[in-house]
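Below is one structure, written out as structure tokens; comments come after it.
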Amino acid sequence: MRIWLKSFYGVAINDLATNKMSTGCEFVIIFEIVPGVFCEEARRILIASGPFFIATTISMGGLTVRKYFEFDKLGTNYRRETIAGITTFLAMAYILAVNPFILSGADLPPDLKANYPEFGAVFTATALAAAIGTLLMGILGRLPIGQAPGMGLNAFFTYTVVLTMHIPWQQALAGVFVSCTIFLILSLTGVREAIIKAIPKGLKYAVSAGIGLFIAFIGLKNAGIVVANDATFVALGHLTFYHEGMKPEDVLAAKNALLAIFGLIVTVVLLSRKVNSGIFIGMVVTAVVGMIFGLVSLPEQVVSAPPSLAPTFGAAFQYLGDPSALFTVNMLIVVLTFLFVDFFDATGTLLGVASQAGLLKEDGNLPRPGKALASDAIAGMAGAVLGTSTTTAYVESTAGVAAGGRSGFTAIVTGVLFLLALFFSPLLAIVTPAVTAPALIIVGVLMASHIAHVAWNDLDEAFPAFLTILLMPLTYSIATGIATGFIVYPVMKLLKGKGREVHPAMYVLFFVFLAYFIWLRE
């Protein structure tokens with residue numbers, strides 16, 4: 001099946017049928033961004049040109065770009081929106097290196113790497129998923145918010161689903177697709193509000209904070225700042241290399257740890273001085289210093305064709321049609337975790353960024369909430385097909401808002417830049433554990449800030465939240481932390497005589513996660 005994606009301007013309508021027939025396309029998606037009634041006339045002619053042809057038009061009803069994105073109402077212009085889009089991209093660009101690094105298992109032993117997708121394919125999938133998601137958010141949601149595969153969810157995918165639960169990465173992608181499909185259904189119905197109310201706020205914040213600690217721990221481990229120890233389980237790694245008798249590998253590990261610490265300091269300073277793209281710049285500076293000291297290899301070239309997507313594209317489909325692989329309690333846990341984290345992370349990010357931009361309505365809700373959340377869900381489904389973990393809204397979009405972004409045009413600029421980034425894959429040769437570690441640690445810090453919102457003075461709220469946060473890094477499993485919190489919470493409420501305050505959905509999840517611990521967890 002071939003799809004013809006085209007934006008027409010100044011093309012004779014009668015030429016379309018001939019062009020369509022010559023390309024052999026079955027689907028034509030026409031974006032009309034210029035004034036006129038082109039799309040409706042094009043639909044009539046194109047449908048008449050062949051019995052197996054379906055024409056889908058996405059029209060702005062004769063509006064100009066400026067009017068469609070309400071530039072005058074929002075007090076913005078092309079220059080401001082473009083600068084904001086570039087700023088958002090630079091703030092998010094680190095994911096192009098970090099996500100392939102995590103999903104390909106680049107930090108794992110060679111014998112385990114075979115259980116993960118190829119680095120290059122994941123890079124292409126990451127860039128395309130980010131571009132598609134961000135463009136959707138700009139065109140449909142009309143919000144200045146970028147999307148990309150989410151931090152935390154990628155760690156859950158790699159270190160819990162594949163590494164701990166021994167689920168093939170192709171099957172894990174099927175789980176991502178199913179969770180995003182459910183998300184899409186929830187986004188288009190009134191069920192979304194009911195679910196948001198069902199999950200206690202304390203657990204929502206605890207999940208984000210726990211994932212933050214987990215990601216930061218991965219960063220510290222990858223950098224060699226924290227290492228395994230037979231006596232104490234973990235210990236501080238080698239941070240000096242002047243001792244006599246040190247093995248060459250220990251000297252190299254110490255140098256890489258110091259490089260990561262240097263990068264962390266640079267990144268913290270940049271972010272504390274309100275540099276919007278601090279994480280990305282910190283990675284670049286770390287890589288350059290690593291090259292100077294011979295710890296990072298120089299890239300052989302700068303520009304090249306994008307790596308092939310063939311190893312990951314459509315890999316999820318082989319499991320989507322297999323009920324025996326999908327309808328298991330193990331996969332239910334995977335789907336629920338992907339859905340839970342994405343659902344509340346996306347909702348919180350959209351509200352937070354929109355609030356900073358002054359775009360919330362008087363009742364505190366998003367403008368066009370259904371379209372915004374649907375954009376997130378569709379992006380996640382597309383990402384799963386391409387070969388990456390859940391795509392979601394990025395809080396780094398606040399950098400673009402701070403630069404003046406107010407409309408979906410900001411997101412369109414960001415999305416186009418993600419497409420251009422496809423041609424710079426050779427630069428990923430400079431991405432080493434020491435280069436990515438500062439980004440992981442800083443993202444962990446930002447996510448862990450949600451700890452402040454937990455009601456620590458109320459033990460029946462604090463104890464489940466504490467276990468959720470603590471067990472994620474200590475058990476090296478996001479699912480274990482979530483499951484523990486969801487089991488303990490209703491028990492604590494029942495013991496305190498507050499069982500009626502717990503939503504019925506929490507009791508259902510209690511039994512689901514209890515079954516996970518009893519029968520499935522190895």
Side-chain angles (χ1 to χ4, degrees), residues 7-9 29-40 57-92 130-148 187-188 190 192-193 274 276-277 346-379 392-419:
S7 175
F8 293 96
Y9 180 75
I29 302 176
I30 305 170
F31 291 89
E32 183 188 33
I33 306 180
V34 295
V37 292
F38 176 82
C39 283
E40 288 306 314
T57 61
I58 301 176
S59 174
M60 297 180 182
L63 298 177
T64 63
V65 173
R66 186 181 185 88
K67 289 182 179 179
Y68 181 77
F69 291 111
E70 301 178 319
F71 278 15
D72 294 335
K73 177 183 177 180
L74 298 173
T76 189
N77 53 55
Y78 286 110
R79 179 180 180 276
R80 187 177 300 167
E81 294 291 304
T82 301
I83 293 174
I86 295 172
T87 303
T88 298
F89 172 76
L90 291 175
M92 294 176 61
I132 292 170
T134 305
L135 289 171
L136 280 173
M137 187 63 73
I139 296 172
L140 298 181
R142 284 188 272 173
L143 292 173
I145 297 175
Q147 298 198 85
S187 301
L188 299 177
R192 175 175 61 92
E193 289 78 7
K274 308 299 181 184
N276 292 323
S277 52
T347 302
T349 300
L350 290 172
L351 288 171
V353 177
S355 175
Q356 181 176 336
L359 299 175
L360 294 182
K361 297 189 291 186
E362 293 182 0
D363 58 3
N365 289 321
L366 286 167
R368 303 169 296 277
K371 291 183 178 180
L373 286 169
S375 299
D376 189 289
I378 295 171
T392 188
Y394 259 57
V395 72
E396 283 84 352
S397 302
T398 54
V401 169
R406 293 295 181 272
S407 78
F409 193 83
T410 293
I412 290 177
V413 173
T414 304
V416 170
L417 290 174
F418 272 116
L419 288 176

- Less than 4.5 Å apart, any side-chain heavy atom of L143 and any of S407? no
- Item | From T414 atom OG1 to L419 atom CG, the distance as rounded to the nearest 0.5 Å | 11.5 Å
- Message: Any heavy-atom pair between the side chains of E396 and T88 that's under 4.5 Å?
- Response: no
- Task: Taking all non-hydrogen atoms of both residues into account, name the closest pair between G415 and A131 and its distance.
- Result: O-CB, 3.5 Å
- Is there a side-chain contact between T349 and T392 (heavy atoms, below 4.5 Å)? no
- Task: With sequence neighbours left out, write down each residue that passes side chain to side chain contact (heavy atoms under 4.5 Å, CB included) with I378, or none if nothing qualifies.
- Result: L136, L184
- Item | Residues forming a side-chain hydrogen bond (donor to acceptor under 3.5 Å, both in side chains) with T410, sequence neighbours excluded | E81
- Query: Any chance the rings of Y68 and F409 have centres within less than 6.0 Å?
  - Reply: no
- Query: From K371 NZ over to R368 CZ, what is the distance, rounded to the nearest 0.5 angstrom?
  - Reply: 7.5 Å
- Does a side-chain heavy-atom distance below 4.5 Å link L74 with L359? yes
- Might you point out which heavy atoms bring T134 and I145 nearest each other, and give the distance in Å? CG2-O, 4.1 Å
- Task: Heavy atoms only: give me the nearest R66-D72 pair and the separation to one decimal.
- Result: NH2-OD1, 3.1 Å
- What's the shortest heavy-atom distance between F69 and G138, and which atoms? CE2-O, 3.2 Å
- Message: Do R406 and F71 make a side-chain contact, defined as non-hydrogen atoms from C-beta onward lying under 4.5 Å apart?
- Response: no
- Would you confirm whether T398, through its side chain, and V395, through its main-chain N or O, come within 3.5 Å as a donor-acceptor pair? yes
- Measure the CE-OG distance between M92 and S397 for me, rounded to the nearest 0.5 Å. 5.5 Å
- Heavy-atom closest pair (A374 atom, S187 atom, distance to 0.1 Å) is N-CB, 4.0 Å
- Report yes if the side chains of I132 and Q147 come closer than 4.5 Å at any heavy-atom pair, otherwise no. no
- Message: Under a 3.5 Å distance rule, please check whether D376 uses its side chain to pair with a backbone N or O of A346 as donor and acceptor.
- Response: no
- Locate the shortest heavy-atom distance separating S375 from L140; write the atom from each residue and the value. OG-CB, 3.7 Å
- Message: Tell me whether R142 contacts the main-chain N or O of G408 through its side chain, where contact means a donor paired with an acceptor under 3.5 Å.
- Response: no
